[in-house]
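Throughout, protein chains are lettered first and strands after them, A, B, ... in sequence-line order, and every chain is numbered starting at 1.
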Amino acid sequence: MKKETILLVVITLAIGALGGIIYTNAQKDRSAGGQGQTFNPASAPPVDYQQQIKTLKEIVAKEANNRQAWVQLGNNYFDSGDPMKAIEAYDKALKLDDKDPDVLTDQGIMYRRVGWFDKAVANFLKATKLNPQHVNSLFNLGIVYSQEEKRKRPRRSGPATWNWSRRERARTGYGRCLTTWKTATSKCRPICRGQRLNNPQPLLLYAAFGSYLLAVLLYLCHVLLRRPWVWRSAFILVLIGFALQTVSLALRWVSAGYLPVTNLFSTQFFFSWALAATYLYFELRYRIHAAGLFVMFCSLLLFGSILTRDPALPPLIPALDTPLFTLHVASSFVAYAFFTMAFSMGVLYLLQRRLRHALLPELTLLRKLNEEAIFLGFSLFTLCMIIGSIWAYVAWGYYFSWNMSGRRWSGCFMPGCVTQNLSVAGRAAVMQCCRSSASGSCCSPTSGSVC
Amino acid sequence: MRKSLLESRLWKLFCSLKLAIVLASAATLLIIGGSLLIPFNPRIFASLDSMPLGDWLSSFAVRAPALTWWIPVAGLLLVLLGLNTLCCFIDWLCHFRARWRKCGEYLIHLGFVCVLAAYLWGSLAGFRSEKNLLFVGQRKPLPLQNLSLQLEAFEPVFNRSGRPVDMLNSLALYRGDKLLKRVQTRTNHPLTWNGLVILPTSYGQTVVNRRYRTYSILTINYDPGANLALSGGIAMGGGVLLTLFSFYRKRERGDRPDIV
């Protein structure tokens with residue numbers, strides 16, 4: 001019997017054993033549960049609200065002044081999700097005694113649920129007047145005010161004002177909410193939605209943008225003039241711009257205490273930085289010059305679009321307070337930057353095949369650059385997805401989600417595998433692989449590599 | 001002379017790159033097309049994340065087969081792709097001496113197979129449960145190997161404007177009376193144990209006998225394949241890093257032909 005056959009048999013047996021273990025464990029897990037996969041999350045035995053409501057209605061029909069019964073009836077309507085009837089029942093109870101902050105608060109919550117916010121506020125204020133330390137009414141008052149503020153706040157087109165005056169805060173609903181929380185928690189802290197950046201930041205941003213803009217213009221001139229000093233000057237400007245942008249990014253990172261990629265300004269800024277870094281990598285390695293113009297142009301556009309936005313750094317929310325977030329976002333944006341370069345090289349390849357222009361790199365080099373950019377982008381994106389899955393597991397309890405992001409990037413992962421083999425460079429890879437397969441080698445697009 | 005099994009046409013088909021491309025492309029196109037139905041049919045698809053896929057297929061998918069057929073078909077294509085990848089990996093193992101330099105690439109193969117197997121395992125044998133209400137001091141039995149969960153302490157965390165931003169839950173996992181694990185959970189720091197993951201999602205207060213009692217709302221998920229998936233992910237990550245380094249080495253040696 002040949003050794004390959006023996007190995008194959010052993011491996012098949014191992015797979016079969018593993019499958020059997022998995023199946024057996026699956027059956028064991030099901031039977032250990034007793035109810036199979038059903039898991040009743042409720043911790044208390046179910047309450048028959050309808051029966052209780054029926055009983056209480058009979059009681060209040062006989063004893064209209066039974067305040068306790070009216071309160072209990074209102075509570076049952078509250079718990080069973082019938083806000084209008086709960087409001088009516090609480091109304092009856094309050095007519096008998098209107099100095100109960102608990103009943104006022106519960107009725108206020110029902111008013112809030114049906115959208116009668118003014119009545120809700122009136123109830124909560126009355127409850128706090130009766131008992132200034134009544135936490136539940138203060139808590140719910142804060143919720144109503146914050147919802148009201150969100151509805152009424154107009155969209156601002158320019159930079160947001162961070163340092164609201166006390167008067168302005170008091171005028172808005174949000175300010176009233178804050179005042180309420182101030183009473184409830186006895187803490188007096190001003191709103192702080194972000195930090196004003198230090199003075200050097202705007203200067204660095206505009207200087208970097210200016211450098212990139214001049215560099216792009218010089219590269220465009222190089223297309224026409226084809227002078228060495230033109231592309232050298234452009235390259236030096238890109239280096240200066242990249243250095244300024246790196247310093248700015250580092251300052252923001254140190255100032256925030258985390259990689260600043262949590263809002264639109266920061267993510268676009270980081271992506272612009274990644275695009276410039278990608279361009280510099282290929283320029284230093286392969287001297288692509290104006291062939292990287294598309295990538296620099298994208299970087300410039302991104303940078304330009306954020307100059308009108310507020311650069312303030314928001315406080316980091318706990319959901320993003322993990323190194324997995326930093327690694328996931330950083331690797332994904334750098335991968336996108338490489339994919340942008342790959343796209344650019346692919347288009348140039350197709351153009352060069354037709355034009356055979358002296359200014360553009362040779363076809364061989366363009367193919368190599370395209371392959372390298374796809375490979376690097378795909379590798380980084382694979383790492384991004386693995387890190388993202390681990391993060392999803394600790395944040396949500398499962399590592400794959402059917403939401404749009406999960407499906408979108410999984411959908412991209414697969415065509416990325418396939419595209420890498422069917423791209424301009426990939427066709428070569430497939431041909432080589434076919435030749436190699438004759439000698440017994442093979443590869444899978446999931447590896448993202450060629451034989 | 002009798003042909004070796006590994007040199008047979010059938011085996012080469014199982015290991016075929018073209019087959020892999022066809023399966024991957026078909027699965028991807030099916031998933032992309034099918035996923036367009038998801039946002040427009042929330043009644044069917046909204047619960048996809050709240051239960052394992054196996055449960056969802058048997059409870060929701062059967063109600064609307066016209067809208068959901070693409071999921072099991074895509075699953076089948078992915079299983080075939082996984083088998084194709086596994087055969088490719090076995091083939092590489094059998095020719096290891098000649099192809100040891102491709103360790104990185106085939107580590108990725110192995111990782112992919114592990115992740116796929118783990119997902120299938122979890123879909124069939126796992127469970128997910130949301131909105132588990134626990135009062136402080138309360139112990140709740142779990143439908144798993146005589147386990148129970150106790151909430152020992154709870155503390156919400158507020159930001160400067162008074163909005164709750166995090167929840168600190170002191171949770172203890174018991175098997176019978178034996179303490180298995182005690183953890184203070186918060187966002188991004190769940191209690192994990194052998195595929196079980198427990199994380200806080202919300203909290204509230206209720207009045208019981210005129211006293212406020214705080215309760216925590218927990219998500220409790222169980223995925224028996226979680227550790228296998230993690231191993232597969234680590235294998236894939238390691239394979240990617242190895243491939244990254246070997247890519248440039250191979251280029252220097254001229255392993256990549258210049259085909260235009």
Checklist entry - Hey, what do you get for OG1 (T322(A)) to NE2 (H189(B)), rounding to the nearest 0.5 Å? => result 6.5 Å

Checklist entry - Distance from T382(A) atom OG1 to L244(B) atom CG, nearest 0.5 Å? => result 10.5 Å

Checklist outcome for this item: Honestly, the part of L53(B) sitting under 4.5 Å from a heavy atom of chain A is side chain

Checklist entry - So which part of L107(B) gets closer than 4.5 Å to some heavy atom of chain A, the side chain, the backbone, both or neither? => result neither

Checklist entry - Which atoms of L199(B) come close to chain A, meaning under 4.5 Å heavy atom to heavy atom: side chain ones, backbone ones, both, or neither? => result side chain

Checklist outcome for this item: Under 4.5 Å to a heavy atom of chain B? For E362(A) that would be neither

Checklist entry - In Å and rounded to the nearest 0.5 Å, what is the OG1 to CH2 distance from T201(B) to W396(A)? => result 14.5 Å

Next on the checklist: Determine whether L230(B) and Y399(A) satisfy the following criterion, side-chain contact (heavy atoms from CB on, under 4.5 Å), listing intermediate values before the conclusion.
Outcome noted: CA-CA 9 Å; L230(B) 180 63; Y399(A) 52 85; over 6 Å; no

Checklist entry - Where on Y393(A) is there a heavy atom nearer than 4.5 Å to chain B: the side chain, the backbone, both, or neither? => result both

Item to check | Student check: side-chain heavy atoms of E372(A) and F247(B) closer than 4.5 Å | outcome: yes

Checklist entry - Can you say whether L324(A) sits under 4.5 Å from chain B via the side chain, the backbone, both, or neither, judging by heavy atoms? => result neither

Next on the checklist: Closer than 3.5 angstrom, by distance alone: can the side chain of D49(B) be matched with the main-chain N or O of S401(A) as a donor-acceptor pair?
Outcome noted: no

Item to check | Residue Y119(B) versus chain A: region with a heavy atom under 4.5 Å | outcome: both

Next on the checklist: Under a 4.5 Å cutoff for heavy-atom pairs, which residue among G233(B), P190(B), G225(B), A229(B) has the most contacts with chain A?
Outcome noted: P190(B)

Next on the checklist: Is a donor from one side chain sitting under 3.5 angstrom from an acceptor on the other, for W391(A) and N188(B)?
Outcome noted: yes

Next on the checklist: Less than 4.5 Å to any heavy atom of chain A: does that hold for the side chain of L19(B), its backbone, both, or neither?
Outcome noted: neither

Next on the checklist: So for D321(A), is it side chain, backbone, both, or neither that comes closer than 4.5 Å to the heavy atoms of chain B?
Outcome noted: backbone

Item to check | T243(B) and F375(A): CA distance, side-chain angles, deciding distance, side-chain contact (heavy atoms from CB on, under 4.5 Å) verdict | outcome: CA-CA 10 Å; T243(B) 311; F375(A) 176 73; 3.6 Å; yes

Item to check | Donor-acceptor under 3.5 Å (R251(B) side chain, K368(A) main chain) | outcome: yes

Item to check | Contact class of I317(A) relative to chain B, heavy atoms under 4.5 angstrom | outcome: neither

Checklist entry - Can you tell me how far CD1 of I108(B) sits from OG of S379(A), rounded to the nearest 0.5 angstrom? => result 7.0 Å

